Amino acid sequence: KLVKLKIINSTSHWVMPRIVMVILVILLIIIAVQRMISCKKTGTPFINLKNYRFFMPGWDKVKLLGSILTFIVYIYLMEFLTFLPASIISIFLLNVLFDNERTKKSMITSGVISVGFSIFIWLVFGVLFRITLP
């Protein structure tokens with residue numbers, strides 16, 4: 001057998017993150033090798049900080065900082081409200097944050113999406129797969 005996993009219930013929640021980390025490291029190596037080959041062909045440096053910008057000109061500060069704040073609030077809300085209500089509130093806030101119209105119809109749509117998606121995720125993972133959600 002190529003890969004053998006020994007599943008221990010008390011530590012089984014760490015299996016998937018480890019698999020994902022290995023995949024991400026492999027992809028990072030592939031990207032770095034491709035970049036090295038490309039830089040060698042064009043004669044450009046591997047890391048070029050001249051005229052480098054982390055953010056594109058005109059980036060939306062409100063959306064970035066609002067997303068970070070919403071994520072932090074989501075973590076704290078899960079502790080007090082559990083998964084379903086915290087997810088509904090956070091998804092609704094993110095929908096409103098990224099919605100440029102903010103009309104009554106778009107607010108109702110955001111509410112329906114946040115409730116529907118949260119219940120769907122809860123049913124699939126919490127009920128169907130019996131994964132304990134926070």
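The model shown is predicted, which means the values in this text are computed figures rather than measured ones.
- For the atom pair CG (L65) and OG1 (T70), the distance works out to 10.5 Å, reported to the nearest 0.5 Å.
- Atom OG in S118 sits 3.5 Å away from atom CD1 in I91 (nearest 0.5 Å).
- We find the CG-OG distance between D99 and S106 to be 4.0 Å, quoted to the nearest 0.5 Å.
- To the nearest 0.5 Å, the span separating CG on N48 from NZ on K50 amounts to 8.0 Å.
- In this structure, the side chain of R102 does not engage the main chain of M107 through any donor-acceptor pair within 3.5 Å.
- L77 and I88 fall into different hydrophobic clusters, where Ile, Leu, Val, Met, Phe, Trp and Tyr residues are linked whenever their side-chain heavy atoms come under 4.5 Å apart, directly or through other members.
- Shown here is Y76, whose OH atom has no more than 12 heavy atoms of other residues, nucleotides or ligands within 6.0 Å.
- For the atom pair CG (L97) and CG (D60), the distance works out to 7.5 Å, reported to the nearest 0.5 Å.
- Residues F55 and L64 form a side-chain contact, since some pair of their non-hydrogen atoms from C-beta on lies under 4.5 Å apart.
- Screening I30, L28, I23, L24 for a side-chain contact (heavy atoms from CB on, under 4.5 Å) with I26, the sole residue that qualifies is I30.
- Clustering ILVMFWY residues whenever any of their side-chain heavy atoms sit less than 4.5 angstrom apart, transitively, puts V115 in the very cluster that holds W122.
- Just one residue in the list L27, V22, I29 forms a side-chain contact (heavy atoms from CB on, under 4.5 Å) with V25, and that residue is I29.
- No chain of hydrophobic side-chain contacts below 4.5 Å, direct or via other Ile, Leu, Val, Met, Phe, Trp or Tyr residues, connects V112 to L84.
- The aromatic rings of F120 and F117 lie tilted to each other, with the angle between the two planes from 30° to 60°.
- Taking hydrophobic clusters as Ile, Leu, Val, Met, Phe, Trp and Tyr residues chained together by side-chain heavy-atom distances below 4.5 Å, I89 does not share a cluster with L94.
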- request: I would like to know whether M78 and T82 meet side chain to side chain contact (heavy atoms under 4.5 Å, CB included); could you show each step before the answer?
  value: CA-CA 4 Å; M78 275 203 289; T82 68; over 6 Å; no

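- In this structure F71 satisfies the ring pair (Phe, Tyr, Trp, His ring centres under 6.0 Å) test with no other residue, sequence neighbours excluded.
- Under the 4.5 Å side-chain heavy-atom criterion for grouping Ile, Leu, Val, Met, Phe, Trp and Tyr, I121 is connected to I119 within one hydrophobic cluster.
- Here the closest heavy-atom approach between residue S87 and residue Y74 is recorded as OG-OH, 2.8 Å.
- Shown here for P45 and C39, the closest heavy-atom pair between the two residues is O-SG, 3.5 Å.
- Considering OG of S90 and CZ of F83, their distance stands at 10.0 Å, rounded to 0.5 Å.
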